[in-house]
Amino acid sequence: MNQIQSMTDENLRDFITCPYKFYFELIEKKKRSINWRQVVQHVVNKVVFSFYQLPAESRHSVCVLKLIDEYWGKVSPQIFESRIQYYTVVAKITDYLMENIQSESRKSPPLFLFEKLNTYIEELNVDLSLTFDVAEWSDSSFVIKKYLVDGTPEMLALYYHLSIVFSEKVLKRTPKRVEVVTLLDGKRHVFIPTSKDLKEGLKFLQTMKYSIEDSSNYFKTKNVNECNICPFLEECNQTIHEFSPKKYLS
Ligand code: SF4
């Protein structure tokens, strides 16, 4: 079995979404078409980034609306499965972003705002990278936040474990909270770390590393929503693949 040298949060997220899709995209380097979820996530990231860059006194709901209007204006309705979906998505993103980000109005600017960090993790023998979307740091508190379009329980677990491992290994500090807001359902997922979470996080990432390295266990996702927007649907249904992760591993 080959050993991987590096892992990014994007690689891990792709692998969790579907190992087959991960293989097509990253290893076979097949065409990667952008789907509506990626486009909406890009808009959300732009809005969040711009909002937190404003002075505290300017961070209010009208600003959120203006920013959504500015960035959503470039999104084509054609990339959605229907017009209804296009309007439903923008309505939910607007409502839940305003509801969740508004409470941030009077706070100091975050320490990290979409900052990519890299580090070598000795226990995993791998270089790991993670983007901290929003991380607020003060003498008494360290809080990590992420705004996602949506997220499965596995995806939420990934962000939680990555956040803990990075905080402990790179910043030498345990977060007080890790918060992930999923904007299509408006839920705020709050994780409160405990002392055993670093060990759990390393175990989780080690398991993911082994899973990526052992291509004989790659499987197809059962999430039909993913398959509906996957550019490899036809290929995936027709072909029996012999996976070889060597190109990614080298
Ligand atoms: S069609 Fe579905 S199972 Fe096949 S690669 Fe795409 S997401 Fe995975």
Side-chain angles (χ1 to χ4, degrees), residues 1-45 75-86 88-90 92-93 126 128-131 133 146-162 180-185 187 189 204-250:
M1 192 162 65
N2 297 284
Q3 286 220 327
I4 56 175
Q5 316 292 319
S6 62
M7 297 195 298
T8 68
D9 49 343
E10 288 101 340
N11 297 153
L12 296 171
R13 188 200 56 215
D14 287 346
F15 190 77
I16 283 179
T17 303
C18 175
Y20 262 55
K21 195 164 171 231
F22 166 89
Y23 179 84
F24 288 137
E25 285 181 350
L26 270 109
I27 299 166
E28 286 202 345
K29 305 260 184 257
K30 291 198 183 265
K31 64 180 184 306
R32 183 183 184 131
S33 63
I34 305 289
N35 64 49
W36 68 263
R37 264 208 228 107
Q38 291 164 304
V39 173
V40 178
Q41 186 64 57
H42 184 67
V43 169
V44 168
N45 292 352
V75 175
S76 163
Q78 311 295 335
I79 60 169
F80 291 83
E81 288 156 43
S82 65
R83 281 261 167 185
I84 293 176
Q85 187 188 43
Y86 169 82
T88 309
V89 169
V90 69
K92 286 185 175 177
I93 295 292
V126 79
L128 195 61
S129 74
L130 167 71
T131 299
D133 289 8
K146 196 165 189 73
Y147 298 87
L148 289 177
V149 173
D150 57 4
T152 59
E154 294 78 20
M155 207 65 84
L156 296 174
L158 169 67
Y159 284 123
Y160 178 64
H161 290 308
L162 277 173
V180 182
V181 176
T182 43
L183 293 164
L184 285 185
D185 61 12
K187 289 187 180 159
H189 310 267
F204 178 92
L205 294 174
Q206 184 73 73
T207 306
M208 283 215 63
K209 182 172 178 264
Y210 286 153
S211 304
I212 293 173
E213 287 169 344
D214 184 5
S215 53
S216 64
N217 283 328
Y218 282 17
F219 58 89
K220 296 180 182 184
T221 182
K222 291 189 172 58
N223 183 346
V224 286
N225 292 333
E226 278 305 328
C227 297
N228 285 344
I229 56 173
C230 177
F232 312 117
L233 180 61
E234 203 175 322
E235 196 164 3
C236 179
N237 284 339
Q238 286 173 356
T239 322
I240 297 168
H241 295 279
E242 282 189 25
F243 292 122
S244 166
K246 271 190 190 151
K247 281 180 255 177
Y248 173 67
L249 303 175
S250 59

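The residues of the chain are indexed from 1 along the displayed sequence. Whatever order the structure lists them in is the order used to number ligands and atoms, beginning at 1. Note that these values count all heavy atoms, side chains included, but never hydrogens, waters or copies made by symmetry.
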Main chain of I34, side chain of Q38: is a donor-acceptor contact present, judged purely on distance under 3.5 Å? no
Enumerate the atoms of ligand 1 whose separation from the nearest heavy atom of K220 is less than 4.0 angstrom. 3 (S)
Ligand 1 to C230, heavy atom cutoff 4.0 Å, flagged ligand atoms 1 (S), 5 (S), 6 (Fe), 7 (S)
So, S82 side chain and Q85 main chain: donor-acceptor pair closer than 3.5 Å or not? yes
Around atom NE2 of H42, are there more than 12 heavy atoms from other residues, nucleotides or ligands closer than 6.0 Å? no
Close-contact set for ligand 1 against L233 heavy atoms, below 4.0 Å: 1 (S)
Ignoring hydrogens and geometry, is there a side-chain-to-backbone donor-acceptor pair from K21 to E226 under 3.5 Å? no
Parallel, tilted or perpendicular: which fits the ring planes of F24 and F232, with parallel below 30° and perpendicular above 60°? tilted
re atom 4 (Fe) of ligand 1, the protein heavy-atom contact at minimum distance is C236 SG, 2.3 Å
Residue part near ligand 1, for C227, under 4.0 Å between non-hydrogen atoms: both
Numbering as shown, the atoms of ligand 1 that approach T221 to under 4.0 Å (heavy-atom distance): 2 (Fe), 3 (S), 7 (S), 8 (Fe)
Would you check if atom 8 (Fe) of ligand 1 lies under 2.8 Å from any N, O or S atom of C18? yes
Would you name the heavy atoms of V40 and F80 that are closest together and state the gap between them? CG2-CZ, 3.9 Å
